[in-house]
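Heads up: the structure comes next, in structure tokens.
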Amino acid sequence: MQVHTFDVVVVGGGGAGLRAAIAAAETGGNAVGLVSKVYPMRSHTVAAEGGAAAVTRGDDSLQSHFDDTVAGGDWLAEQGVVDYFVRHAHAELVQMERWGCPWSRQASGDVQVRRFGGMKTERTWFAADKTGFHMLHTLYQTSLKYPQIQRFDEYFVLDLLVEDNQACGVIALEISSGELHLLRAKSVIMATGGAGRLFRFNTNGGIVTGDGMAIAYRRGVALRDMEFVQYHPTGLPGSGILITEASRGEGGVLTNKDGYRYLQDYGLGPETPLGEPQNKYMELGPRDKLSQAFWHEQQAGRTGKHGDSDVVYLDLRHLGEAYLQERLPFICELAKAYVNVDPAKSPIPIRPAVHYTMGGIETNADCETSIRGLFAAGECASVGLHGANRLGSNSLTELLVFGHLAGKKAMQRALGDSPCKDGAESIRQLGSQWQERLESMMRGGEPGRPRWPELKAELLKVMEEGCGIYRDEAGLTQALQSIRGLRERYERVQLGDQSQIYNTDLLHCLELGCSLDVAEATCLAALQRRESRGAHQRLDDSCQQRNDQQYLKHSQVFYQGAAPARLEWQDVDTHLSAPGERHYGSKGSGLKGSGAEGSDGGQHA
Amino acid sequence: MRSIQVLRYLPEESPQPFLQSFQVPVTDSTSVLDALNYIKESLDPTLSFRWSCRMAICGSCGVMVNGIPKLGCKDFLRNYPNDLIIEPLAHLPVERDLVVNMDSFLRHLEAVKPYLIEGKNAADSSQPNRQTPAQMARYQQFANCINCGLCYAACPQFGLNPEFTGPAAIALAHRYNLDSRDSGKAQRMAPLNSKNGVWSCTFVGFCSEVCPKGVDPAAAVNQGKVESAKSMLIQLFSGRAIGGAGQ
Ligand SMILES: Cc1cc2nc3c(=O)[nH]c(=O)nc-3n(C[C@H](O)[C@H](O)[C@H](O)COP(=O)(O)OP(=O)(O)OC[C@H]3O[C@@H](n4cnc5c(N)ncnc54)[C@H](O)[C@@H]3O)c2cc1C
Ligand code: SF4
Ligand code: FES
């Protein structure tokens with residue numbers, strides 16, 4: 001096994017990982033390892049379309065961004081973290097501009113901001129409808145300026161090296177050769193993205209399988225708030241490919257099969273006139289409400305059909321061909337290619353799809369986990385920004401704000417005294433443990449051992465049926481039991497490919513192992529949270545409302561090996577804004593969290 | 001169901017590539033990538049290929065479809081009523097099955113200093129630069145490259161000379177050269193002026209035809225030639241050696 005030594009190792013080459021690597025390099029030291037199972041520009045940040053939020057206009061305020069985020073998260077966000085976030089958001093987007101990101105502009109040459117669901121004011125920076133693509137490429141290209149950053153592209157991280165509760169490196173599989181490598185470091189940053197691929201209909205890339213979450217979780221770090229899974233209301237039927245929320249920000253409307261703008265029936269009205277979208281009303285309500293409205297329309301038989309999917313329609317026709325080409329060119333391309341619809345001529349069939357994992361690896365406000373020297377940032381992390389529901393365009397900014405912070409803090413840790421020893425013995429042990437594990441998966445030809453495709457198909461089915469937009473006790477109990485059964489069967493999984501070079505059968509199998517562990521945490525937390533809050537909606541009688549008395553708490557799930565995972569509750573930081581009600585549409589105007597007005601207005605201004 | 005053929009290469013078993021046929025289910029929206037995934041999950045777990053986004057933006061899934069470079073996720077079986085043969089991207093060393101080695105591609109991209117190089121007079125770094133939509137429009141198309149490598153598989157010159165900087169890298173250099181915020185053109189011109197730079201191109205133009213993102217790298221190469229000629233002339237008149245040429 002080859003051993004490499006770094007100050008900091010970053011796992012993940014998406015927006016969060018690249019931002020962290022650059023920040024680490026700028027903080028000092030001389031060796032940052034950046035490991036990714038795909039080339040950095042393939043990371044799923046590339047698919048983000050809509051934009052990144054930061055208070056920008058004179059008529060906007062930090063307080064307002066704070067309030068939107070906290071209310072949007074149904075008061076389950078860590079308020080100190082949100083406060084830090086809104087204060088640092090703008091500088092990060094400016095930094096991206098200075099690195100060349102082609103943000104869309106006004107005629108004056110100033111950066112343009114657009115409307116986004118759940119945000120009171122226009123504050124979303126965008127680069128046409130390819131914001132994530134441009135951010136990711138800008139970061140990847142900028143990272144080339146730093147010779148200290150050494151990349152390990154197409155290396156699959158398997159596990160952490162932990163000594164006395166201190167992270168001392170990672171073990172990774174070199175995909176092109178099948179060889180194991182140990183990357184030693186004094187701190188490690190997980191930036192491995194979300195876990196949307198636990199579900200069948202999702203907007204995520206095939207690689208978004210929760211690996212980093214599982215890796216940290218197996219080493220004892222809590223997965224926090226995993227029950228909160230965001231559905232995006234507008235995915236393409238079949239593939240789940242995302243049609244950005246910006247298409248509604250630009251004025252697109254949602255109709256049912258009768259051409260009726262049904263959102264007005266779900267507390268999001270009154271109907272806004274065509275071509276005059278209004279923040280927080282109708283189509284610009286928050287995602288959870290929109291996805292839930294779809295479910296009700298579906299139950300009522302008012303959805304249409306596309307192939308075998310139930311769908312509603314996103315109508316953009318009134319925006320006209322030229323405007324669509326300027327503002328939403330990618331959407332036009334996607335609709336044409338994947339559902340054969342020209343949005344200038346016909347409405348696009350859409351349906352909700354799993355989009356974002358609010359929960360993740362628990363960290364403190366400095367992005368550090370309960371293992372010293374182990375940090376996490378981006379979608380894999382739960383730093384506490386999103387609470388029970390993420391607002392669109394907060395997460396691209398999160399990658400920057402917390403990627404930066406994690407990189408800086410991790411390097412500072414690495415430059416201080418490190419308890420990591422030379423570690424020869426623990427490295428040898430970790431290496432042989434994984435060698436054995438991989439060999440046993442490879443050993444073919446034994447009857448009765450399952451392969452990953454069948455287990456994966458079951459996982460997707462279980463999650464869809466038991467842990468979807470609406471949940472209940474019976475469904476979740478069943479789902480949890482099924483997942484535990486799948487985890488047991490996975491113990492005996494066997495590969496259909498025994499080769500060393502680019503064994504993608506092995507990679508998919510390892511990913512599935514991660515997904516199963518994460519799925520157990522998700523189902524357990526969803527079962528135990530007997531209330532409805534944000535993206536977590538329960539249909540059982542006593543659970544349909546938010547219940548602050550019992551559940552104004554984060555869930556934390558702890559891994560127990562082969563035994564069932566264990567759940568604990570953790571207090572939420574609400575010191576800046578006491579829980580209020582979440583209102584959108586006409587009910588929402590002027591309403592804020594009860595504490596918001598009372599809290600020091602100048603603090604966020 | 002219909003039949004498709006895939007060029008297999010399993011270096012641990014045999015040095016010889018071979019064609020293998022598979023029967024896959026099709027609907028109107030089945031992509032080449034869907035077909036490959038079906039094969040992997042249901043027919044032959046040993047088939048290897050790259051993919052992730054399945055929405056034509058991550059650039060992972062380039063393959064040759066009936067001899068033309070395509071993104072597997074954006075090319076549909078409905079377009080091929082007859083024979084359908086899927087092979088790895090041309091001109092890049094094959095690692096296994098449809099997986100090619102992207103090292104040289106990345107090396108070329110990274111060699112052109114594809115990042116903003118600010119001049120000495122750059123404004124206070126806490127403020128964004130201004131850039132009008134017209135200034136953006138000059139480079140925007142060249143900033144849309146997803147690094148899929150299809151243009152390299154299409155480029156006969158790259159096929160002959162893997163040291164040729166190639167279409168996407170030249171387009172990327174051009175993207176920064178055209179950016180009103182950038183002052184790094186002089187640094188980028190040296191590799192472009194060299195014999196493996198823009199002058200290697202014989203203007204076949206196939207690169208732009210296959211590009212799935214309308215980047216038009218051929219236009220960048222052509223404009224690059226004009227720039228290169230200018231910069232070499234300037235260097236001649238200023239009495240300096242021609243950057244890189246003849247190296
Ligand atoms: C279609 C879509 C559109 C979106 N639009 C928006 C938007 O408009 N605005 C917004 O704010 N947010 C948006 N989001 C959310 C946002 O894009 C994501 O939350 C964010 O990009 C995640 O970035 P990340 O860096 O955390 O992870 P990713 O970009 O997913 O990167 C994860 C990295 O980890 C690596 N990795 C994972 N596992 C391993 C392993 N085992 N070994 C080695 N490496 C590993 C991967 O290779 C990859 O490099 C969107 C999301 C989707 C899916
Ligand atoms: S220029 Fe076009 S074909 Fe070439 S790598 Fe970029 S996107 Fe692909
Ligand atoms: S899978 Fe991403 S471009 Fe095809």
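Just so we're on the same page: letters track the sequence lines, and every chain starts at 1. Nothing here was measured: the structure is a model prediction, and the numbers come from that model. Note that these values count all heavy atoms, side chains included, but never hydrogens, waters or copies made by symmetry.
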Mind ranking B/Ser31, B/Ser60, B/Ser29 by heavy-atom pairs under 4.5 Å with chain A and telling me who comes out on top?
B/Ser60
Contacting region of B/Glu118 [heavy-atom separation from chain A under 4.5 Å]:
side chain
Could you check A/Tyr140 against B/Tyr115 for ring pair (Phe, Tyr, Trp, His ring centres under 6.0 Å), going step by step and ending with a plain yes or no?
CA-CA 9 Å; A/Tyr140 155 65; B/Tyr115 37 79; over 10 Å; no
If you tally heavy-atom pairs under 4.5 Å between each of A/Gly240, A/Ala91, A/Ser239 and chain B, the highest tally belongs to A/Ser239
Closest-packed option against chain A by number of heavy-atom pairs under 4.5 Å, given B/Ala134, B/Cys73, B/Ala56, B/Ser42:
B/Cys73
Check: B/Met64 main-chain N/O paired with B/Lys70 side-chain donor or acceptor under 3.5 Å
no
Using side-chain heavy atoms (C-beta onward) and a distance below 4.5 Å, is B/Gln127 in contact with A/Val94?
no
Test item: A/Ser43 side-chain N/O and A/Thr45 main-chain N/O as donor-acceptor pair under 3.5 Å:
no
Quick one: does A/Met135's side chain get under 4.5 Å of A/Cys101's, heavy atoms only?
yes
Honestly, the part of A/Phe133 sitting under 4.5 Å from a heavy atom of chain B is side chain
Checking B/Ser208 against B/Asp216: is there a side-chain donor and acceptor pair closer than 3.5 Å?
yes
Honestly, the part of A/Glu154 sitting under 4.5 Å from a heavy atom of chain B is side chain
Give the ring-plane orientation class for B/Tyr152 versus B/His108, where under 30° counts as parallel, over 60° as perpendicular and anything between as tilted.
parallel
Less than 4.5 Å apart, side chain to side chain, heavy atoms only: is that true for B/Leu84 and B/Arg2?
yes
Side chain, backbone, both or neither: which part of B/Gln131 has a non-hydrogen atom closer than 4.5 Å to chain A?
both
Contact origin within A/Asn204 toward chain B - heavy atom pairs under 4.5 Å
backbone
Which atoms of B/Met55 are under 4.5 Å from chain A, going by heavy atoms: the side chain, the backbone, both sets, or neither?
both
Can you find a pair of side-chain heavy atoms, one from B/His174 and one from B/Val112, that are under 4.5 Å apart?
no
I'd like to verify something: which residue of A/Gly100, A/Pro453, A/Gly205 has the highest number of heavy-atom pairs under 4.5 Å with chain B?
A/Gly100
Just give me the residue among A/His44, A/His90, A/Arg197, A/Met96 that pairs up with chain B most often, heavy atom to heavy atom, under 4.5 Å.
A/Arg197
What residue, out of B/Glu95, B/Gln140, B/Lys113, has the most heavy-atom pairs lying under 4.5 Å from chain A?
B/Glu95
Please rank A/Ile207, A/Leu242, A/Ile241 by heavy-atom pairs under 4.5 Å with chain B and give me the top one.
A/Ile241
With respect to chain A, which residue among B/Leu106, B/Asp44, B/Leu10, B/Thr27 yields the maximal number of heavy-atom pairs within a distance under 4.5 Å?
B/Leu106
Need one label for A/His134: side chain, backbone, both or neither, based on atoms under 4.5 Å from any heavy atom in chain B.
side chain
Considering only heavy atoms, which portion of A/Glu333 lies under 4.5 Å from any heavy atom of chain B: side chain, backbone, both, or neither?
side chain
Any side-chain heavy atom of A/Arg19 within less than 4.5 Å of one from A/Glu92?
yes
If you count heavy-atom pairs within less than 4.5 Å of chain B, which of A/Val339, A/Asp110, A/Asn503, A/Thr142 leads?
A/Asp110
Pick whichever of A/Asn340, A/Thr203, A/Leu236 has the most heavy-atom pairs under 4.5 Å with chain B.
A/Thr203
N/O donor-acceptor pair under 3.5 Å between A/Arg351 side chain and A/Val311 backbone:
no
Region of B/Ser126 in contact with chain A, defined by heavy-atom distances below 4.5 Å:
backbone
Output the distance between atom CG (B/Asp179) and atom CD (B/Gln135), rounded to the nearest 0.5 Å.
9.0 Å
Identify which part of A/Trp103 has an atom lying under 4.5 Å from any heavy atom of chain B, answering side chain, backbone, both or neither.
backbone
Side chain, backbone, both or neither: which part of A/Leu334 has an atom under 4.5 Å from a heavy atom of chain B?
side chain
So which part of B/Ile146 gets closer than 4.5 Å to some heavy atom of chain A, the side chain, the backbone, both or neither?
both
Using non-hydrogen atoms only, which part of B/Phe49 is less than 4.5 Å away from chain A: side chain, backbone, both, or neither?
backbone
Determine the option with the most heavy-atom pairs under 4.5 angstrom with chain A, choosing from B/Asn147, B/Leu109, B/Thr132, B/Asp97.
B/Asn147
Residue A/Ala337 versus chain B: region with a heavy atom under 4.5 Å
both
Would you check if A/Pro40 and A/Leu136 make a side-chain contact, meaning some heavy-atom pair closer than 4.5 Å?
no
Dump the intermediate steps for side chain to side chain donor-acceptor pair (under 3.5 Å) on B/Tyr139 and B/Arg181, then the final yes or no.
CA-CA 11 Å; B/Tyr139 70 86; B/Arg181 301 167 291 181; 3.1 Å; yes
Donor-acceptor pair between B/Arg8 and B/Thr46 side chains, under 3.5 angstrom:
yes
Side chain / backbone / both / neither for A/Lys145 at chain B, heavy atoms under 4.5 Å:
both
Most chain A-contacting option - heavy-atom pairs closer than 4.5 Å, from B/Asn37, B/Asp34, B/Leu172
B/Leu172
What's the spacing between B/Ile4 CD1 and B/Leu19 CG if we round to 0.5 Å?
11.5 Å
Name the region of A/Glu326, side chain, backbone, both or neither, that has any atom closer than 4.5 Å to a heavy atom of chain B.
neither
